[in-house]
Amino acid sequence: MSSSISPLLTTAISVAILLFSTISTAATIPNIHRPFNKIYAFGDSFTDTGNSRSGEGPAGFGHLSSPPYGMTFFRRPTNRYSDGRLTIDFVAESMNLPFLPPYLSLKTTNANGTATDTHGVNFAVSGSTVIKHAFFVKNNLSLDMTPQSIETELAWFEKYLETLGTNQKVSLFKDSLFWIGEIGVNDYAYTLGSTVSSDTIRELSISTFTRFLETLLNKGVKYMLVQGHPATGCLTLAMSLAAEDDRDSLGCVQSANNQSYTHNLALQSKLKQLRIKYPSATIVYADYWNAYRAVIKHPSKYGITEKFKACCGIGEPYNFQVFQTCGTDAATVCKDPNQYINWDGVHLTEAMYKVMADMFLDGTFTRPRFSDLLIKKLNYL
């Protein structure tokens with residue numbers, strides 16, 4: 001075998017470099033090569049681009065259809081839990097694709113009865129869990145939460161597949177990136193203060209999530225990125241509820257961050273097994289936990305001046321109260337969301353989502369590097 005790099009691989013590397021060097025402007029260049037023709041996204045409110053509406057989702061966060069949500073980029077609420085774009089929006093832009101339509105807003109079929117041509121669909125829904133809703137109901141933990149779970153999102157995807165023609169299905173698995181956004185944080189949040197242990201939630205969540213991933217892989221998914229849990233102990237909600245002596249070296253809530261860290265270790269172990277079982281697929285892990293902590297450690301590097309306060313909310317010391325959150329009449333909004341990590345106390349600002357997108361796409365916090373997935377895709381062209 002020749003030790004020289006093949007022309008195809010050289011081209012792939014060149015395109016990869018071009019893609020990542022133009023991440024913030026790719027959407028404005030009409031003829032740039034698209035590494036993927038479609039993106040299919042799953043997850044919760046960190047990824048949901050509009051499957052939820054006001055009055056839906058966890059108690060206290062049912063105002064996403066009201067200003068100032070969407071103020072920074074869209075200039076209006078778009079049912080995204082942020083002041084603007086999410087990580088998945090920046091991912092789509094970087095690949096010269098339009099923003100992903102939420103599944104529940106799709107006009108699914110054309111005159112021939114097949115799905116209308118899109119560049120992907122977003123199945124993520126705010127407030128969703130990995131574990132089935134029935135588990136929480138059985139343990140008297142249903143509260144005021146959405147009944148959707150990762151199983152719901154998979155069912156939506158299955159229904160969507162039924163609208164596709166045969167050629168469309170072949171193209172979907174051949175040319176699509178499956179972006180599995182963070183999901184599972186809600187499973188822990190909904191059991192806070194209950195007798196259900198974190199170990200129980202982790203075991204149920206990881207096993208259910210693994211089955212979900214295997215279902216996609218068995219269908220023929222070749223290119224997949226899976227986000228871990230963020231550093232949940234650094235979110236405003238955790239900071240406002242936890243005891244003041246429950247802090248780690250970064251000033252975040254130690255117990256919450258430990259919980260997320262342990263969950264991510266278990267997830268990475270499962271992904272390692274899936275890579276062995278499905279060698280033809282490329283499965284990238286996005287290390288949300290360490291990416292988030294990197295910003296907390298050196299906020300000024302990313303233009304951040306406020307690590308813990310919510311930009312939109314009310315109350316001291318974190319501008320956050322559970323039942324007077326962003327979008328309510330009492331809440332106020334900061335002058336420059338770009339200087340904040342936290343938008344409404346649980347969700348992030350557009351600026352922070354952009355930082356996370358850059359970190360994932362340039363490979364700083366992905367294993368294997370996202371460019372490895374890209375090059376493998378281009379080698380099949």
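FYI, side chains are in, hydrogens and waters are out, and symmetry mates aren't considered; it's all heavy atoms of this structure. In this text the structure is predicted, and so the values were computed from the model without any measurement.
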Are Phe36 and Tyr223 close enough that their ring centers fall under 6.0 Å? yes
Count the heavy atoms of every other residue, nucleotide or ligand shown that sit under 6.0 Å from OH of Tyr261, and state whether that count exceeds 12. no
Lys219: salt bridge (charged side-chain N to carboxylate O under 4.0 Å, His left out) partners, not counting sequence neighbours: Glu158
Test side chain to side chain contact (heavy atoms under 4.5 Å, CB included) applied to Gln273 - qualifying residues, sequence neighbours left out: Ser269, Lys270
Residue list, salt bridge (charged side-chain N to carboxylate O under 4.0 Å, His left out) with Lys297, at least two apart or on another chain: none
Would you say the side-chain atoms of Thr232 and Ser260 include a donor-acceptor pair closer than 3.5 Å? yes
Using distance alone, with no hydrogens and no angle criterion, decide if Asn186 and Thr129 have a side-chain donor and acceptor under 3.5 Å apart. no
Contacts of Pro77 meeting side chain to side chain contact (heavy atoms under 4.5 Å, CB included) (sequence neighbours excluded), chain-then-number -> Pro67, Tyr69
Please tell me whether Ser126 and Asp48 have a donor and an acceptor in their side chains that are separated by less than 3.5 angstrom. yes
Of all residues at least two apart in sequence or in a different chain, which pass the ring-ring contact (aromatic ring centres under 6.0 Å, His included) check with Phe74? Phe99
Return each pair, listed once, that meets disulfide (SG to SG under 2.5 Å) where at least one residue sits in residues 202-244; pairs must be two or more places apart or across chains. Cys234-Cys252
With sequence neighbours excluded, what pairs up with Phe42 under the ring-ring contact (aromatic ring centres under 6.0 Å, His included) test? Phe123, Phe157, Phe212
By ring-ring contact (aromatic ring centres under 6.0 Å, His included), which residues pair with His263, not counting sequence neighbours? Tyr188, His229
Sequence neighbours excluded, which residues qualify as salt bridge (charged side-chain N to carboxylate O under 4.0 Å, His left out) partners of Asp83? none
Which residues pass the salt bridge (charged side-chain N to carboxylate O under 4.0 Å, His left out) test with Glu182, not counting sequence neighbours? none
Pair Gln259, Arg202: side-chain N/O donor-acceptor within cut-off below 3.5 Å: no
Crowding at CG, Asn218 (>12 non-hydrogen neighbours, <6.0 Å): yes
Pairs where residues 268-305 contributes a residue and the test disulfide (SG to SG under 2.5 Å) is met, not counting sequence neighbours: none
Look only at the side chain of Asp246 and the backbone of Ala242, and say whether a donor-acceptor pair between them is shorter than 3.5 Å. no
Pair Asp372-Arg369, salt bridge (Lys or Arg N to Asp or Glu O under 4.0 Å): steps then yes or no: CA-CA 5 Å; Asp372 292 350; Arg369 293 178 67 87; 5.7 Å; no
Any luck finding a side-chain donor-acceptor pair between Tyr278 and Glu214 under 3.5 Å? yes
Looking only at side-chain N and O atoms, does Thr325 offer a donor or acceptor that is under 3.5 Å from a partner on His63? no
Across all chains, not counting sequence neighbours, the ring-ring contact (aromatic ring centres under 6.0 Å, His included) partners of Trp179 are none
Among side-chain atoms of Asn79 and Ser52, is any donor-acceptor pair under 3.5 angstrom? no
